[in-house]
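A short worksheet on the structure shown next.
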Amino acid sequence: MATDTLKSKPGAQGGAVGGLRRLLLDNGALTALIVLVIAMSALSGDFLTADNLLNVGVQAAVTAILAFGVTFVIVSAGIDLSVGSVAALSATVLAWSATEAGIPVALAVVLAVATGIACGLVNGFLVSYGKLPPFIATLAMLSVARGLSLVISQGSPIAFPDSVSHLGDTLGGWLPVPVLVMIVMGLLTAFVLGRTYIGRSMYAIGGNEEAARLSGLRVKKQKLAIYAFSGLFAAAAGIVLASRLASAQPQAAQGYELDAIAAVVIGGASLAGGTGKASGTLIGALILAVLRNGLNLLSVSAFWQQVVIGVVIALAVLFDTVRRKAGATAPAAGASGGGNKGKQALTYVIAAVVAVAVVGATSLLHNGSSGAAKPKIGLSLSTLNNPFFVQIRDGAEEEAKKLGVDLTVTDAQNDASQQANQLQNFTSGSLSVVVVNPVDSDAAGPSVRGANKAGIPVIAVDRGVNKADTSALVASDNVEGGALGAKALAEKLGGKGTIVILQGQAGTSASRERGAGFAEGLKDYPGIKVVAKQPADFDRTKGLDVMTNLLQAHPDIDGVFAENDEMALGAIKALGSKAGRSVQVVGFDGTPDGLKAVQAGTLYASVAQQPSELGRIAVRNALRAAEDEKVEKMVKVPVKVVTKENVAGFEG
């Protein structure tokens, strides 16, 4: 088995200073976590509260559980890029089995876990017997699992069984169940790595696979078991995540595999294999969670948050390199000597004492400093990678500045679980009111109910929140807008012709509602035939690619309906000179670029929602709710079909 043969430099051990230096160098990730906690406590008075610290634990849970499974793979010198997709697939299988198929919940859970293990076994088979590089094998599974999740769910979230949804609740009204699951899975990981034959085999394979094989290890079979473990942990993470959101989201956990790998590496494991431990992985996951939580509380731009997290990951790995060069001692891989364990336990005790002492001191900085301040509003947008939502933000910021309100804006990046984290952070902070533009109406429900319990008013904008209380919904009617789009396109085509539909991101309520409205409106025009529907994810580049492909099969279409302007603009690019002449295109949202295309005649019409006005009205109503004034439950912002004839007088 591989060991780190690092010699300590003479003199490094001398005295208290040398001992402290040794402690810090030997525990780089733990040191980084302590520094982060102290810094966040000093910078934000909202960070060091019981509710917020529990939020950090909940937000770390899914990443940590995934990362525990990935630890097995990385210790054995492999990689698993599929865990996020496998998590989504397992949750989808559970929800579909228990609801659509009518299978008993207990059996549905078993099926979900079996799905994760099966995906892991396929990965292991491809790596061991198919001789595929782990990167390629698991990349293929990433695509297959995500695709199956979409196929099973038909692109729509599936409500989670209530009996399983309790995994997202709390025990005794304060202890989150996801944190308990994380602790149990962490203990299981530590036991497997330190106390079992397969755990020792992982270190041996990661240290030198050929030597492990020659020493009698059945490397191929061991790899099957290692990837099966990763799949099992991914299934557990998927079930916990879906429980938090009260629904299985087919697009859930996108990109989580990178967070999981980052947590393992930050925790001290080597991508070359042979080193890694459960406690390090847990610390890595907590570092990521503390960063995101603290940056939210400090109102750091969503775009800068990504930069900061990337820099911290790089610094953590760099610190590990410096530690090794400085001669920090590392335990033999997989060693379980009593001396090492006693020293490690002492390290954690000292770290806890230091953290509590310093954090307690810094918390005094915030005592007595809560004088009169302007109202604080938190705005969680589904994405800022779309001009429509950027306009909502701009309108909200403009109104907040006018009213003297402190507005914090976050970007959920179309990830329902990330938005749940942001809403929890808002709830534990010192905000007066929360404004949410849900990624998904069902998934936002549990987090909004948490705000309800905390007595914080919530305003929904553009999309409603299901199974939770909102003071107001400021929105256009997406269904009505879809019907208006159908009418505009059909009348332009004279009531007959063939068209294609570019759909938005699968699983989002905006795509479902606009598509449903368009289909309903098209019933009045039986001469219009839909020859193809394909998702382009609300993205201009994907709209271009999908439209280009559709034109190969349907070169003589007469019209295109795109569920947002970005996809419509991509379709126009693919159509070239046909756009606005032989092929009429209708978009949705009324974005600046869309309106320019309408003015140029390449886009026949856009169903405009006046997004800036949505943002302004949302902030106005949020301030009223914060001051306990009466707020209308439903505030409608009318949609309008904008064509070349009326675009000049339209203001978004």
### Query
Between the main-chain N or O of Val300 and the side-chain N or O of Gln305, is there a donor-acceptor pair closer than 3.5 Å?
yes
### Query
Can you tell me how far the CG atom of Leu258 sits from the CG atom of Leu81, to the nearest 0.5 Å?
7.5 Å
All N/O donor-acceptor pairs, side-chain side in residues 462-472, below 3.5 Å, sequence neighbours left out:
unit_1, atom_1, unit_2, atom_2, d
Arg463, NH1, Pro438, O, 2.7
Asn466, ND2, Asp442, OD1, 2.8
Asp469, OD1, Lys633, NZ, 3.0

### Query
Looking at Asp80 and Val70, what are the two nearest heavy atoms and their distance?
O-CG2, 4.5 Å
## Note on the structure
Interatomic distance, CD1@Ile287 vs CG@Leu282, rounded to 0.5 Å, equals 10.0 Å
#### Entry: Under 3.5 Å: donor-acceptor pair, side chain of Ser447, backbone of Gln424
no
### Task
Decide yes or no for Phe68 and Val264: does some side-chain heavy atom of the first lie under 4.5 Å from some side-chain heavy atom of the second?
no
### Message
Checking Asn425 against Gln59 for the side-chain contact (heavy atoms from CB on, under 4.5 Å) test, could you report, in this order, the C-alpha distance in whole Å, the side-chain angles of both residues, the deciding distance, and whether it holds?
### Response
CA-CA 10 Å; Asn425 294 341; Gln59 292 165 25; 2.8 Å; yes
### Task
For the residue pair Val436 and Val458, establish whether any side-chain heavy-atom pair is separated by less than 4.5 Å.
yes
### Query
Hey, are the side chains of Leu288 and Ile309 touching, using non-hydrogen atoms and a 4.5 Å cut-off?
yes
### Query
Under 3.5 Å, is there a donor-acceptor pair between the side chain of Tyr203 and the main chain of Gly276?
yes
### Query
When rounded to the nearest 0.5 angstrom, what is the spacing between CD in Glu397 and CG in Leu379?
8.5 Å
#### Entry: Donor on one side chain, acceptor on other, Ser149 and Thr92, under 3.5 Å
yes
### Query
So Asp415 and Tyr256, side-chain contact (heavy atoms from CB on, under 4.5 Å) or not? Walk me through it.
CA-CA 11 Å; Asp415 182 343; Tyr256 279 39; 3.2 Å; yes
### Worked verdict on Thr408 versus Phe426 for side-chain contact (heavy atoms from CB on, under 4.5 Å)
CA-CA 9 Å; Thr408 299; Phe426 284 160; 4.1 Å; yes
### Task
For residues Phe160 and Ile239, report the shortest heavy-atom separation together with the two atoms involved.
CE2-O, 3.8 Å
### Query
Can you find a heavy atom in the side chain of Asn414 that is under 4.5 Å from one in the side chain of Asp537?
no
### Ser428-Asn52 side chain donor-acceptor pair, cut-off 3.5 Å
yes
#### Entry: Donor-acceptor pair, side chain of Ser380 and main chain of Gln419, under 3.5 angstrom
no
### Message
Is it the case that over 12 heavy atoms from other parts of the model lie below 6.0 angstrom from the CG atom of Asp169?
### Response
yes
### Query
For Ala235 and Ala112, which heavy atoms make the closest approach, and how far apart are they?
CB-O, 3.8 Å
### Query
Considering only heavy atoms from C-beta outward, does the side chain of Phe72 approach that of Thr189 to under 4.5 Å?
yes
### Message
Please report the interatomic distance OG1(Thr410) to CG(Asn296), rounded to the nearest 0.5 Å.
### Response
6.0 Å
### Task
Hey, could you give me the CD1/CD1 distance between Ile377 and Ile456, rounded to the nearest 0.5 Å?
12.5 Å
### Task
Show your working on side-chain contact (heavy atoms from CB on, under 4.5 Å) between Val290 and Leu33 and close with a plain yes or no.
CA-CA 8 Å; Val290 166; Leu33 179 60; 4.1 Å; yes
### Task
Report yes if the side chains of Thr138 and Leu142 come closer than 4.5 Å at any heavy-atom pair, otherwise no.
no
### Message
Do Asn123 and Ser82 pair up side chain to side chain, a donor and an acceptor below 3.5 Å, judged on atom types alone?
### Response
yes
### Message
As a quick check of understanding, evaluate side-chain hydrogen bond (donor to acceptor under 3.5 Å, both in side chains) for Gln249 and Asp440, giving each step before the final call.
### Response
CA-CA 9 Å; Gln249 305 276 328; Asp440 179 80; 3.2 Å; yes
#### Entry: Residue pair Ala412 / Val439: nearest heavy atoms and the distance that separates them
CB-CG2, 3.9 Å
## Note on the structure
One should read off an interatomic distance between Leu232 CG and Leu188 CG, to the nearest 0.5 angstrom, of 7.5 Å
### Query
Val86 and Gly231: which non-hydrogen atoms are nearest, and at how many Å?
CG1-O, 4.3 Å
### Query
Do Arg195 side-chain atoms and Ala190 backbone N/O form a donor-acceptor pair below 3.5 Å?
no
### Query
Any ion pair linking Asp46 and Lys376 (charged N to carboxylate O, less than 4.0 Å)?
no
### Query
Taking C-beta and beyond as the side chain, do Val37 and Phe47 meet within less than 4.5 Å on heavy atoms?
yes
### Task
May I have the step-by-step check of side-chain hydrogen bond (donor to acceptor under 3.5 Å, both in side chains) for Arg244 and Asn421, ending in yes or no?
CA-CA 10 Å; Arg244 283 191 64 206; Asn421 293 342; 2.9 Å; yes
### Query
Hey, are the side chains of Phe389 and Asp411 touching, using non-hydrogen atoms and a 4.5 Å cut-off?
no
### Query
Which pair of heavy atoms, one from Ala285 and one from Ala60, lies closest together, and at what distance?
O-CB, 4.0 Å
